[in-house]
Every structure is written in C-alpha cells, then in structure tokens.
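In the text below, chain A, chain B and the rest are named by the order of the sequence lines, each starting its count at 1.
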Amino acid sequence: MKDMELIEELLNCYIDGELDERKSNELKRLIDNDSQIQGLYDSLRRYKNLMDAAGQTAAPEHLCDSITARLEREILLADTGTYSLKAGRRHLTIRRLMTAAAVIALAAVLSIIVFDIFVPKSSRQQLLSGTLRKKAVKQVLYERPFAETKQQEDKKIVPEKSYDVPLVAVLKLKTNNPIEVDWFVAKVLTTTNLFNRTTSIDRQPGTVRYVINCGNQSVVNLVQELSFIWPQCVSTKIDVGTEQAGKYITVNNISAEQAIEICKTENFSQRSRMANDLAVINKFTSPAVVDRLYAAADIDYESLIAQKPALTSTEKTQNASQPQDNIKNATLTIIVTSD
Amino acid sequence: MVKFIQEQLKNSGANISIDEASLLVQAKAGNMEAVERLILKYQDRVYNTILKICGNRDDAAELTQDAFVKVIQNLKNFKGQSSFYTWLFRIAVNATLNFCKKNSRISFQPLQSEPDEALKKQLKDYLIDKTSPQPPQIAAAKELQSLILKALEKLDADQRAVIVLRDIEQMNYTEIAETLGIEIGTVKSRIARGRKNLREILEGVIQ
C-alpha cells in the first residue's frame with residue numbers, strides 16, 4: 001500500500017516533469033512493464049489534462065481601477081494623519097473640550113447680561129453681600145420625605161429663680177381679756193382644722209403661745225378668722241421672719257387686714273418689702289388714726305363681737321378652707337398676752 | 001491611463017516583455033504608472049488563482065484587491081530574495097487560505113445541481129472508458145468547468161491550493177514550496193493526495 005502511494009507520488013512528479021532524467025527513465029520502464037501502473041498513469045494524465053483545460057477566468061474589468069483608487073485613498077489618509085486613530089482621538093477630545101469651554105463662557109456672559117438687565121442697581125449690593133456672607137448650610141446627609149420643618153422658636157427668657165423663705169411670723173396680741181381671746185383663738189384653730197397642726201401650746205401665767213405649722217393659705221384663713229378679736233386687743237404686733245434666722249421685721253400696730261396681706265404675699269421679697277413698708281407707715285400712724293380709718297370703713301366693733309356665737313359653733317364655717325399641705329411650710333406663732 | 005495600458009498589453013500579445021525590475025524600482029519610488037503596470041500584469045493570474053481556491057467571484061475580487069494593496073504598500077520592504085511573482089502569490093494565496101479557513105462553513109457547499117446525463121457520459125467516457133473526446137473539447141463546456149470548480153471546493157484547502165498552483169497556475173514544485181512556505185516533499189505528497197481525492201470526487205459524481 002505504501003509502495004503504491006510512493007509510486008503514485010512518483011507518477012505525479014513524472015507527469016509534472018519534476019523527476020530528473022535517471023528517475024524518469026526508471027519510471028518509464030516501470031510503466032511500460034506493469035499494466036496496473038500503466039493504467040494509473042493514464043488515469044492521472046487524463047485528470048491532469050482535465051484540470052489543465054479547466055480554463056482561466058479573467059479578472060473583473062475595473063479591478064485595477066479599484067486597486068489604484070483604494071491605494072490613493074489609503075496613501076492620502078496615511079499622509080494627512082488626521083484619521084489615524086490616536087491623532088483622531090486627540091483631535092476629537094480637544095475639539096470637545098474647546099466646545100465645552102465655549103459653552104460655559106457663553107453661559108457666563110449671558111448670566112451677567114441677564115443680571116445687569118433684571119436686577120435693580122439698589123439691590124445688587126445687598127444681593128451680592130447677602131450671597132457672599134451667607135454661611136454654608138450644614139450638609140444634610142439624608143432627608144426624610146414630607147418631614148415637617150421645625151419652626152424656629154423664640155428664645156424664652158427664664159427669670160432667675162429667686163430664692164424663697166417660708167413664712168415665719170410671730171403675731172403678738174396684747175389684750176385685757178386674755179381668757180376670752182385665748183378661748184377664741186383655740187376655737188378658731190379648731191374650726192379651721194389647724195389644731196392638729198399646732199405643734200406647741202405654751203401656757204404661762206398671763207401668756208399663751210401657739211405655734212402652728214401649716215401652709216400659707218391656711219395661715220391666711222386663720223388670720224382672717226382671727227380678725228374678729230382685733231378689737232379686743234390693746235396692741236397688735238407682727239414679727240415677719242427674714243432670711244437670717246432669728247432676725248425679724250417688726251410691724252407694730254398691725255391691723256388684721258395688714259396681717260392678712262402680709263400672709264398672702266407670694267414670695268419672701270414681696271413679703272419683706274411689704275413688712276418694711278407697713279412698719280414705717282404704722283410707726284407714724286397713731287392708733288387713733290387707725291380707729292378713724294376703721295370708723296370710716298364703718299366697722300361696727302359690737303357687731304363684730306356679737307358674731308362670736310357664730311364662731312362658737314362646733315361646725316366648720318363654710319368659708320373655712322381646708323388646711324392644705326402646701327409645699328411651702330409656714331410657721332405662725334400667736335402670742336396672746338395680758339402684759 | 002489604465003485603459004490605455006490595458007489596450008497596449010492586449011495589442012502586444014501575451015508574450016509582451018516588460019522589464020519587471022525597472023517597474024519595481026519605479027513603483028517603489030511612488031510612480032503610480034509603474035504600479036498600474038504591475039497590477040495589470042498579474043491581476044488576471046492572481047484573481048484566477050484566488051477564485052479557484054475560494055470559489056466565489058466577489059470574494060476573489062476583494063481578496064485580489066487586498067493582496068495588491070498589501071503588496072504595493074509593502075513594496076519598500078521587498079528585498080528581492082524571491083521573484084516578485086512568487087512574493088505576490090505568497091501574499092495572495094496565504095490571505096486566501098486564511099479567508100477560506102475562517103469561512104470554511106460558509107464557503108464549502110455540496111454540489112447543488114446534478115450534472116446532466118450527457119455531461120456525465122462524456123466525462124465518464126473520458127475518465128474511465130478512455131474512448132475520449134479531447135480534453136479541451138470537454139472542458140470547453142461551462143458546465144464541466146463549474147463541476148471541476150465545485151469538485152475542487154470539496155478538497156482540503158491546503159491540497160486545493162497546491163493543485164491550483166500546479167495545474168492551473170502551472171507553477172513548478174519549487175515555486176509552490178516557496179509560495180506556500182512549505183517543503184518540496186510536502187508539495188509532492190499534497191499533490192498526490194489532492195489528485196487522488198479529486199478523482200474520487202469526480203468518479204462519485206459521474207457514477
């Protein structure tokens with residue numbers, strides 16, 4: 001088989017005239033003597049002749065023109081360099097940048113013109129200074145949709161908290177009827193439910209001292225109830241405590257109304273100011289003047305005294321308010337004396 | 001200008017002698033007339049060879065153009081170690097083979113139309129019964145040329161290139177080896193196998 005392939009290759013070389021003279025002669029002898037090789041040789045020659053006669057096909061008419069035209073075009077493009085890839089990209093980039101710069105410049109010029117036309121000269125300086133001085137707004141990292149914008153609240157001016165001193169007062173009632181007055185005080189303490197708030201009752205010959213510890217309002221109520229015994233008193237005096245322990249502002253000849261007003265004061269400063277004022281007023285005002293004042297007020301002492309039975313009732317008066325456990329504890333000392 | 005040169009070449013006959021070396025020198029210097037003369041001298045042979053290898057006229061025209069443009073553009077690099085003709089064919093044939101291998105699925109098509117009985121008988125008589133009409137007479141029939149081309153298309157591209165260069169372009173084995181960049185022994189074996197395969201293909205058609 002391999003020999004046949006070799007012989008076939010040699011026969012092809014022989015037909016194509018590629019063998020040297022010696023090999024050609026040997027192969028020619030082989031062909032003449034071997035009918036199989038002869039047949040193969042004939043067959044190969046016929047195929048070769050057939051291929052030789054396959055004919056030539058001419059090139060298209062304008063092939064040469066097309067080639068030269070293409071050559072000229074490519075040479076032209078290569079020479080100009082405009083269309084080479086890198087140069088083309090660079091050129092294009094520069095053109096784009098220049099276009100962008102021109103657009104920005106045009107927009108700036110237009111903005112200046114519009115600003116000049118539409119913004120009045122008077123407000124330009126304000127606008128410019130306003131925009132330039134404007135502080136940078138804090139960057140909002142995220143924004144809640146539909147978040148309510150919190151309105152800026154006015155700053156509340158909170159007054160400095162004034163220190164306060166609880167009411168400490170000593171009401172000294174000098175009377176010629178100490179027993180009756182003492183009885184009346186004790187009765188009032190009962191009706192106003194302040195008897196259980198009485199921390200001490202000190203009874204000495206000719207003197208009784210009550211120390212009541214309760215709220216301000218209770219003190220006011222108590223003094224209001226005690227106002228009925230004022231006419232039974234020879235003299236009345238109140239010592240209003242100050243911020244210094246043991247130091248008092250003394251108001252002589254104090255009337256029941258004055259005492260009530262002092263007890264009604266809301267804070268220490270008001271109270272001490274009122275006590276000082278009343279102390280000065282009462283110093284220069286005689287008891288006769290006070291009497292005249294009471295007379296002018298048409299106060300009937302007898303009727304006042306006549307109301308005693310009403311006060312003796314074991315029932316609570318309707319106006320008597322319940323003692324309140326106020327935050328501010330007040331201390332009222334009532335001294336009934338005959339000296 | 002081109003038509004004028006073409007007419008001159010036709011009037012002068014096939015054996016017109018053009019000094020190829022001087023043409024090449026002028027073409028290297030950028031003389032377009034010399035370039036055109038070179039193209040006209042070889043365009044038919046290059047086109048015919050490419051057509052026989054790739055089997056399509058449009059592709060052959062395009063590949064011929066590419067080959068000439070490539071050759072002219074690289075003319076400055078031509079050292080003259082081989083003949084210009086061999087160099088040109090090497091570029092053209094290699095480009096065509098690459099094209100065929102790339103487009104192998106598209107290019108190779110089965111024999112679509114069966115040859116008619118008369119042609120079959122004529123071919124059979126010539127190839128087998130040997131009661132031959134003369135081969136040129138057979139090959140003159142366009143149908144037979146088409147049949148041969150289609151048979152060629154069925155060959156392996158490397159074998160087809162060798163057969164075309166030998167039997168159609170009439171190159172000797174040394175030129176074929178130079179053109180394709182292969183050994184002469186390889187050329188011999190490819191020619192032998194190619195002709196054998198071609199014979200089998202044609203016998204399959206006529207039986």
Can you pull out the residues in residues 12-20 of chain A with any heavy atom less than 4.5 Å from chain B?
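Contacts with chain B: A:N12, A:C13, A:D16, A:E18.
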Any chance you could lay out the side chain to side chain contact (heavy atoms under 4.5 Å, CB included) test for A:I67 and B:E36, step after step, and finish with the verdict?
CA-CA 9 Å; A:I67 293 166; B:E36 284 168 7; over 6 Å; no
Over all atoms of both residues, closest heavy-atom pair of [X] and [Y]:
{"X": "B:I39", "Y": "A:C64", "value": "CG2-SG, 3.8 Å"}
{"X": "A:S43", "Y": "B:R199", "value": "OG-CD, 3.3 Å"}
{"X": "B:Q43", "Y": "A:A59", "value": "O-CB, 4.0 Å"}

Please classify the contact of A:L10 with chain B as side chain, backbone, both or neither, using a heavy-atom distance under 4.5 Å.
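Neither part.
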CD on A:E9 to CZ on B:R193, rounded to 0.5 Å
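With rounding to 0.5 Å, CZ (B:R193) is 8.0 Å from CD (A:E9).
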Kindly compute the distance separating CZ (B:F68) from CG (A:L71), expressed to the nearest 0.5 Å.
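Going from CZ on B:F68 over to CG on A:L71, the span is 10.5 Å.
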Pairwise side-chain contact, A:Y47 with B:L202, heavy-atom cut-off 4.5 Å (strictly under):
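Contact flag for A:Y47/B:L202 side chains = yes.
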Determine whether B:M32 and A:E72 make a side-chain contact, defined as any pair of heavy atoms from C-beta on separated by less than 4.5 Å.
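The answer is yes; the side chains approach within 4.5 Å.
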Any donor-acceptor pair under 3.5 Å linking the side chain of B:D44 with the backbone of A:A58?
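A pair under 3.5 Å: no.
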Check whether B:V69 gets within reach of chain A through its side chain, its backbone, both or neither, counting any heavy atom under 4.5 Å.
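When you check distances to chain A, atoms from both the backbone and side chain of B:V69 fall under 4.5 Å.
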Portion of B:Q170 that has a non-hydrogen atom of chain A nearer than 4.5 angstrom
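For B:Q170, side-chain heavy atoms alone lie under 4.5 Å from chain A.
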Output the option from B:D66, B:I50, B:I184, B:T49 having the highest count of non-hydrogen pairs under 4.5 Å with chain A.
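Heavy-atom pair counts peak at B:D66.
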With a sphere of 6.0 Å drawn around CZ of B:R45, does it hold more than 12 non-hydrogen atoms of other residues, nucleotides or ligands?
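Result for CZ/B:R45: enclosed.
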